[in-house]
Amino acid sequence: MTRLSTALRGLAAAFAALLAVTAVPATAQAKPDPKAPKDFVALRSIDPTILQEMRYVTPHNFVGERVDGYRQPLCILTRPAAEALHRAQIRLLRQGYSLKVYDCFRPQRAVDHFVRWAEDLDDQDMKAEFYPDVDKTRLFADGYIAEKSGHSRGSTVDLTIVRLAAKPTRPSHPGQPLVPCFAPQDERFPDNSVDMGTGYDCFDTRSHTLDPRIQGAQRANRLLLKNALEDVGLVNLPEEWWHFTYKPEPYPDTYFDFPVSAKSLAGRR
């Protein structure tokens, strides 16, 4: 055997060894993201007039960072839930108001992110705004965090009402002072919503829809939202004035995990 052929055989053996080290087994390769079922839609395709302020795409939420699975500021819902919101919007527009959604479909990976955050007792960066009077060790026991969410079934939405014509809510800025979510409206984070008595995602009993401490215009605003939505089949969660679920749910027992993005809805006939 010539020196050249010996050298070539050596190179071939080395290359084969390198491939063996760097090759990734098919089972270990990243799986493609799941897609939404065909009866999930972007809310904008049903009613483009409903305002959207998708909080979990931003760092202004109780976690303090973009939440896993939220890739675009997009409201995705089952078609029946979206169509119900459209019917409520028609009614509210006639009264000079608009709906504004904060969160719609929530993938299971986002719920898992919430659980990991809640278990990390050292991370209390957003406590002063979102849970000032609640010990973080109580978040599971008090029902503020759970391992499953109705949002992952696709027919639950978090929303509020905005009086028209409304200016956009200004974005939050890292390092800005945090104010309790139940402070007077002109002191807490500025939201273009009508005054509901607390901000969105306020972990406090004042967020209970009919909390007796919430009176006057604040109570009237909550009832305006509640009545408009319940008239079209969306049922309020009593512990959260912003939380409504369309009934009957198309997927009452299924928790989906596709990302919040247009791609999750794409490619369907």
*Asks:* For Phe62, run the ring pair (Phe, Tyr, Trp, His ring centres under 6.0 Å) check against Tyr200, Trp117, Tyr144 and tell me which one passes.
*Replies:* Trp117
*Asks:* Identify the heavy atoms of Ala82 and Val41 that sit nearest to each other, and give their distance.
*Replies:*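 Heavy atoms of Ala82 and Val41 come nearest at CB-CG2, 3.8 Å.
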*Asks:* Hey, any chance Leu93 and Leu51 share a hydrophobic cluster, counting ILVMFWY side chains that come within less than 4.5 Å of each other, even indirectly?
*Replies:*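 No, it is not one cluster - the side chains of Leu93 and Leu51 are not joined through contacts under 4.5 Å.
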*Asks:* Check whether any side-chain heavy atom of Gln218 sits under 4.5 Å from a side-chain heavy atom of Thr198, and report yes or no.
*Replies:*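 No; the side chains remain at least 4.5 Å from each other.
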*Asks:* Going through the distances and angles, do Asp211 and Arg219 end up as a salt bridge (Lys or Arg N to Asp or Glu O under 4.0 Å)?
*Replies:* CA-CA 9 Å; Asp211 185 275; Arg219 188 178 185 88; over 6 Å; no
*Asks:* Look up atom NE2 in His86 and atom CD1 in Ile46, then write down how far apart they are to the nearest 0.5 Å.
*Replies:* 8.5 Å
*Asks:* For the pair Leu234 and Leu85, evaluate side chain to side chain contact (heavy atoms under 4.5 Å, CB included) and give the outcome as yes or no after the intermediate values.
*Replies:* CA-CA 8 Å; Leu234 287 144; Leu85 290 183; 3.6 Å; yes
*Asks:* When the aromatic ring centroids of Phe130 and Phe203 are compared, is their separation below 6.0 Å?
*Replies:*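 That pair fails the under 6.0 Å test.
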*Asks:* For the residue pair Leu178 and Ala128, what are the closest heavy atoms and their distance?
*Replies:*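 Smallest heavy-atom distance, with atoms named: CB-CB, 3.9 Å.
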*Asks:* Is any side-chain heavy atom of Leu225 closer than 4.5 Å to a side-chain heavy atom of Phe244?
*Replies:*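 Side chain of Leu225 against side chain of Phe244, heavy atoms only: contact under 4.5 Å found.
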*Asks:* How long is the span from the CD1 atom in Ile145 to the CZ atom in Arg138, to the nearest 0.5 Å?
*Replies:* 14.0 Å
*Asks:* Between Leu159 and Leu229, is any pair of side-chain heavy atoms under 4.5 Å apart?
*Replies:* yes
*Asks:* Does the Gln124 side chain pair with the main chain of Leu121, one donor and one acceptor, at a distance under 3.5 Å?
*Replies:*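 Confirmed, Gln124 side chain pairs with Leu121 backbone.
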*Asks:* Indicate yes or no for a side-chain donor-acceptor contact from Asn227 to the backbone of Asp231 under 3.5 Å, with no hydrogens or angles considered.
*Replies:* no
*Asks:* Fit a plane to each ring of His243 and His151, take the angle between them on a 0 to 90° scale, and name the class: parallel (under 30°), tilted (30 to 60°) or perpendicular (over 60°).
*Replies:*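 It falls in the perpendicular class, over 60°.
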*Asks:* Where the side chain of Gln72 meets the backbone of Ala262, is there a donor-acceptor pair that is under 3.5 Å apart?
*Replies:* yes
*Asks:* Salt-bridge test for Asp158 and Arg55: reply yes if a basic N is under 4.0 Å from a carboxylate O, no otherwise.
*Replies:*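 The answer is no: the pair does not qualify as a salt bridge.
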*Asks:* Looking at CG of Asp112 and CZ of Phe114, how far apart are the two atoms once the value is rounded to the nearest 0.5 Å?
*Replies:*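 Reported to 0.5 Å precision, the distance equals 10.5 Å.
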*Asks:* Evaluate the side-chain proximity of Thr160 to Val101: yes if any heavy-atom separation is below 4.5 Å, no if none is.
*Replies:*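 A side-chain contact under 4.5 Å is absent here.
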*Asks:* Can you name the closest pair of heavy atoms from Phe256 and Pro37 and give their distance?
*Replies:*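 Nearest heavy atoms, Phe256 then Pro37: CE2-CG, 3.5 Å.
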*Asks:* Indicate yes or no: does Asp68 engage Arg116 in a salt bridge with an N to O separation below 4.0 Å.
*Replies:*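 Arg116 and Asp68: salt-bridged.
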*Asks:* Would you say Val235 and Leu77 are hydrophobically clustered, going by side-chain heavy atoms of ILVMFWY under 4.5 Å?
*Replies:*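 Hydrophobic grouping puts Val235 apart from Leu77.
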*Asks:* Please confirm whether the backbone N or O of Ile161 pairs with a side-chain atom of Ser193, one donor and one acceptor, at under 3.5 Å?
*Replies:* yes
*Asks:* Is the side chain of Gln89 donor-acceptor paired with the backbone N or O of Leu99 at a distance under 3.5 Å, no angle test?
*Replies:* yes
*Asks:* Filter on ring pair (Phe, Tyr, Trp, His ring centres under 6.0 Å), then keep only pairs touching residues 157-181, sequence neighbours left out; what's left?
*Replies:*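 For residues 157-181, and leaving out neighbouring residues, there are no ring pair (Phe, Tyr, Trp, His ring centres under 6.0 Å) pairs at all.
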*Asks:* Would you call Arg71-Asp33 a salt bridge at under 4.0 Å N-O?
*Replies:*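 Salt bridge between Arg71 and Asp33, a charged N being under 4.0 Å from a carboxylate O: yes.
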*Asks:* Enter the distance from Leu224:CG to Leu92:CG here, rounded to the nearest 0.5 Å.
*Replies:* 5.5 Å
*Asks:* Does the Ser264 side chain pair with the main chain of Pro259, one donor and one acceptor, at a distance under 3.5 Å?
*Replies:* yes
*Asks:* Please enumerate all residues that pass side chain to side chain contact (heavy atoms under 4.5 Å, CB included) together with Pro177, with sequence neighbours excluded.
*Replies:*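 Listed in chain order: nothing, the list is empty.
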*Asks:* If you apply the rule side-chain hydrogen bond (donor to acceptor under 3.5 Å, both in side chains), what do you find for Tyr56 with Asp201, and how did you get there?
*Replies:* CA-CA 11 Å; Tyr56 298 142; Asp201 262 354; 2.4 Å; yes
*Asks:* Tell me every residue that passes ring-ring contact (aromatic ring centres under 6.0 Å, His included) with Phe140, counting only those two or more places apart in sequence or in another chain.
*Replies:* none
*Asks:* Distance under 6.0 Å and angle within 45° of the ring axis: does Lys148 meet both against Tyr255?
*Replies:* yes
*Asks:* Could you go through Asp195 and Arg188, starting from their C-alpha distance and side-chain angles, then the distance that decides it, and tell me whether this counts as salt bridge (Lys or Arg N to Asp or Glu O under 4.0 Å)?
*Replies:* CA-CA 11 Å; Asp195 188 1; Arg188 63 180 183 259; 2.8 Å; yes
*Asks:* So, are Arg79 and Asp39 salt-bridged, with charged N and O less than 4.0 Å apart?
*Replies:*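 Salt bridge absent between Arg79 and Asp39.
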*Asks:* Taking the side chain as C-beta and beyond, is there a heavy-atom pair between Asp123 and Lys136 under 4.5 Å?
*Replies:* yes
*Asks:* May I ask you to test the Leu265-Ile76 pair for a side-chain heavy-atom distance under 4.5 Å?
*Replies:*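 Contact flag for Leu265/Ile76 side chains = yes.
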*Asks:* Side chains of Asp191 and Tyr102: any donor to acceptor distance under 3.5 Å?
*Replies:*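 Tyr102 vs Asp191: donor-acceptor pair found between side chains.
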*Asks:* Verify, without hydrogens or angle tests, whether Asp47 (side chain) and Arg44 (backbone) share a donor-acceptor contact under 3.5 angstrom.
*Replies:*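 Not confirmed, Asp47 side chain does not pair with Arg44 backbone.
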*Asks:* Return the minimal non-hydrogen interatomic distance between Ala228 and Val232, and the atom names on each side.
*Replies:*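 Result for this residue pair: O-CG2, 3.8 Å.
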*Asks:* Where is the tightest heavy-atom contact between Thr169 and Glu53, given as atom of each residue plus distance?
*Replies:* OG1-OE1, 3.0 Å
*Asks:* I'd like to know if the side chain of Arg222 and the backbone of His208 have a donor-acceptor N/O pair within less than 3.5 Å.
*Replies:*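 Yes; at least one donor-acceptor contact below 3.5 Å.
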*Asks:* Provide the closest heavy-atom pair for Pro73 versus Val57 in the form atom of the first, atom of the second, distance.
*Replies:*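 Minimum heavy-atom separation between Pro73 and Val57: CA-CG2, 3.8 Å.
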*Asks:* Under a 4.0 Å N-O cut-off, is there an ion pair linking Asp103 with Arg106?
*Replies:* yes
*Asks:* Sub-3.5 Å donor-acceptor pair from the side chain of Asp257 to the main-chain atoms of Gln108, do we have one?
*Replies:* yes
*Asks:* Can you hop from Ile214 to Met196 via hydrophobic side chains spaced under 4.5 Å?
*Replies:*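 Each belongs to a different hydrophobic cluster.
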*Asks:* Side chain of Arg109, backbone of His113: donor and acceptor closer than 3.5 Å?
*Replies:* no
*Asks:* Any side-chain donor-acceptor pair under 3.5 Å between Ser155 and Thr78?
*Replies:* yes
*Asks:* In Å, rounded to the nearest 0.5 Å, how long is the span from CG of Asn236 to CD of Glu230?
*Replies:*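 CD of Glu230 is found 6.0 Å from CG of Asn236.
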*Asks:* Taking the side chain as every heavy atom from C-beta outward, state whether Ile50 and Lys100 have any atom pair closer than 4.5 Å.
*Replies:*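 With C-beta onward as the side chain, the pair stays apart.
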*Asks:* Determine whether Phe258 and Lys35 satisfy the following criterion, side chain to side chain contact (heavy atoms under 4.5 Å, CB included), listing intermediate values before the conclusion.
*Replies:* CA-CA 6 Å; Phe258 57 85; Lys35 297 287 188 180; 5.8 Å; no
*Asks:* Heavy atoms, side chains only, cut-off 4.5 Å: are Tyr70 and Pro107 in contact?
*Replies:*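 Answer yes - side chains close enough.
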*Asks:* For Asp253, is there an ion pair with Arg153 - N to carboxylate O distance below 4.0 angstrom?
*Replies:* no
*Asks:* What distance separates Phe105 CZ from Ser152 OG, expressed to the nearest 0.5 Å?
*Replies:*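 Interatomic distance, Phe105 CZ to Ser152 OG, rounded to 0.5 Å: 6.0 Å.
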